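Each remark here refers to the structure printed beneath this line.
In what follows, chains carry the letters A, B, and so on, assigned in the order in which the sequence lines appear, proteins first and then strands, with residues in each chain numbered from 1. Small disclaimer: the values here were computed from a predicted structure and weren't measured.
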Protein chains: 2
Amino acid sequence: MDVLMQSLKIGVNEKLYIKDPESSTLGKNIIEHSILLIDELGFDSFTFKKLGVKINSNESSIYRYFENKHKLLLYLATWYWGWVEYRMVFSTNGIDDPIKKLEKAVEVLTQNVEEDSTISHVNEVVLNRIIINEYSKSYLVKEVNQEDKDSFFMVCKRLVNRLSDMISAVDEEYPYPISLASNVMEGSLHQYFLKEHFPTLTNCNSTITPTEFFIDLIFRTLNKK
Amino acid sequence: MDVLMQSLKIGVNEKLYIKDPESSTLGKNIIEHSILLIDELGFDSFTFKKLGVKINSNESSIYRYFENKHKLLLYLATWYWGWVEYRMVFSTNGIDDPIKKLEKAVEVLTQNVEEDSTISHVNEVVLNRIIINEYSKSYLVKEVNQEDKDSFFMVCKRLVNRLSDMISAVDEEYPYPISLASNVMEGSLHQYFLKEHFPTLTNCNSTITPTEFFIDLIFRTLNKK
DNA sequence: ATTAATCGATAGTAATACTTTTATATTTGC
DNA sequence: GCAAATATAAAAGTATTACTATCGATTAAT
């Protein structure tokens, strides 16, 4: 997979940017260092001005790529889920046993991201951390319905639907496959957050992973054929 | 319960305010109308200046009660979880059967808030909506560890622990009671959000409630004695 | 009646979230 | 190799936010 990943380009909804950041060095710089700076400062304290200083560029130049930092976050999130989707499809492809397939899918979705694909300007380990800490802020906004109409959440929705289908493939009688799927996706981010900041609110720790918790939860819940 | 609720005062961590809003008319006004205004504008667009206009008071007067809007949100959240905790303890008290007890607890925790207790200046229906839409923003901040040390999340943590204990009372062998409890709490808010804004990502709708989904999930997961 | 606390009004500061303009590079098309 | 087009940097400007400080006026407590 490694070599394949190096040449992979994750497509992102064109409405999320003004100018495609993949189309120039400055654009790639913006992506690369916005990830690092958001991780460092938190999304709330992150500004285009600070990013400009960090990449020796100008605030106004960044505004030519992204309308505002909210759109940038949506861009990063879309990239992230596109990347997860790719890995999920890739690694479940060819597995015939629905149980093993679902297991693999949940594994990819809920696993901790541990190494980044060096070549690309996107550091997936840090991006994963941003998603855990900031993703909710991208949709917990008043404009969510309009943004949904603009398909900003399409990739994420497709991912949940894929998982839902795999759940139904294991137990077609289970009445809440989509809720279970969305619960695993969101809940996994939450368990990672708890593990880091509220260890007394989760059983996940250095030995028990969120993946184990959710695999266990899903297979206790479903009636296997 | 109604009558009891009318005289109930939910205690909130003193570090969350500068002056206790329960101690004056202005304070109560701030609470009452901040709930309505945050609901109307969303937390991100809500400011003390706008609140001042709404209650015919001054920005600087509001700053005498709360350091900033983040602390106000923490105050409202603490109040909310305190209120849920009270109702949970009250309505599970005296139930001996662990299964029925857990069922009742999950019901209170995940149920839609439908009527408010008229007397108090807190509109619980609207507050519930705020918690669904904005609660994550209260802890997804860089300062979370310090704020946790200041016990800002104590009530919420106590609630999760209560639920966790009830889970273990039904199935003491289940290895992830705290994770399941925190998952239900957070997940319930999320399912309500999805129901409202991303109906294709949840099986919850006008006939199926998040409560049904979570009760079902929990009892499929646990081995009952 | 005096003092203390509370509140409203005003003003001020620094930072944010942009927009606009202009000058300077850099690229590319011929 | 040069002109034209395009991209970027720098600077300045605006409106809003998130406060802080000051100062009377009102109200409440003793």
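Considering only residues two or more places apart in sequence or on other chains, A:K50 meets the side chain to side chain contact (heavy atoms under 4.5 Å, CB included) condition with A:L37, A:L41, A:S45, A:T47. Residues that satisfy the side chain to side chain contact (heavy atoms under 4.5 Å, CB included) test with A:N205, not counting sequence neighbours, are A:T207, A:I208. Judged as a ring-ring contact (aromatic ring centres under 6.0 Å, His included), and not counting sequence neighbours, the contacts of B:H197 are B:F193. For A:E134, the side chain to side chain contact (heavy atoms under 4.5 Å, CB included) partners at least two apart in sequence or on another chain are A:I38, A:F43, A:L73, A:I130, A:K137. Looking at residues two or more places apart in sequence or on another chain, you find a ring-ring contact (aromatic ring centres under 6.0 Å, His included) between A:F213 and B:Y176. For the salt bridge (Lys or Arg N to Asp or Glu O under 4.0 Å) test, residues two or more places apart in sequence or in another chain that qualify with B:K157 are B:D148. B:C156 is linked by a side chain to side chain contact (heavy atoms under 4.5 Å, CB included) to B:W81, B:Y135, B:M185, counting only residues two or more places apart in sequence or in another chain.
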Given side chain to side chain contact (heavy atoms under 4.5 Å, CB included), test B:K71 with B:N68 step by step and report yes or no. CA-CA 6 Å; B:K71 288 270 170 69; B:N68 50 49; 3.5 Å; yes
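Of the residues in residues 30-44 of chain A, none lies under 4.0 Å from DNA chain C by heavy-atom distance.
Interatomic distance, B:Y65 OH to B:D20 CG, rounded to the nearest 0.5 Å: 9.0 Å.
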Report, one pair per line, the protein and nucleotides 8-12 of chain D atoms (nitrogen or oxygen only) whose separation is under 3.5 Å.
unit_1 : atom_1 : unit_2 : atom_2 : d
D:dT8  : OP1    : A:Y65  : OH     : 3.2
D:dT8  : OP2    : A:K19  : NZ     : 3.4
D:dT8  : OP2    : A:Y65  : OH     : 2.9
D:dA9  : OP2    : A:S57  : OG     : 2.4
D:dA9  : OP2    : A:S61  : OG     : 3.0
D:dA9  : N6     : A:R64  : NH2    : 3.2
D:dA10 : N7     : A:N58  : OD1    : 3.4
D:dA10 : N6     : A:S60  : OG     : 3.3

Which pairs, protein N/O on one side and nucleotides 24-27 of chain D N/O on the other, fall under 3.5 Å?
none

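Checked by atom type, the side-chain pair A:Q191/A:T202 shows a donor-acceptor distance below 3.5 Å.
Within 6.0 Å of CD in A:E14 there are 12 or fewer heavy atoms belonging to other residues, nucleotides or ligands.
Counting all heavy atoms, side chain and backbone alike, B:S138 lies closest to B:E147 at O-OE1, 4.0 Å. Looking at every heavy atom in both residues, B:S136 comes nearest to B:E186 through OG-OE2, 3.8 Å. The two atoms that bring A:F66 and A:I18 nearest to each other are C-CD1, 3.9 Å, heavy atoms only.
Counting to the nearest Å, the P atom of D:dT20 and the CZ atom of B:F66 are 15 Å from each other. In this structure, B:K50 places its NZ atom 10 Å from P of D:dT16, rounding to the nearest Å.
One end of the helix from C:dA1-D:dT30 to C:dC30-D:dG1 points its axis 20° away from the other end's axis, with each axis taken from 5 pairs and the angle rounded to 10°.
Heavy atoms of A:F48 sit nowhere under 4.0 angstrom from any nucleic acid atom.
If you walk DNA chain C from 5' to 3' and mark each nucleotide with an atom closer than 4.0 Å to a heavy atom of chain B, the marks span C:dT6 to C:dT10.
B:K149 has no carboxylate O lying under 4.0 Å from a charged side-chain N of B:E143, or vice versa, which leaves the two without a salt bridge.
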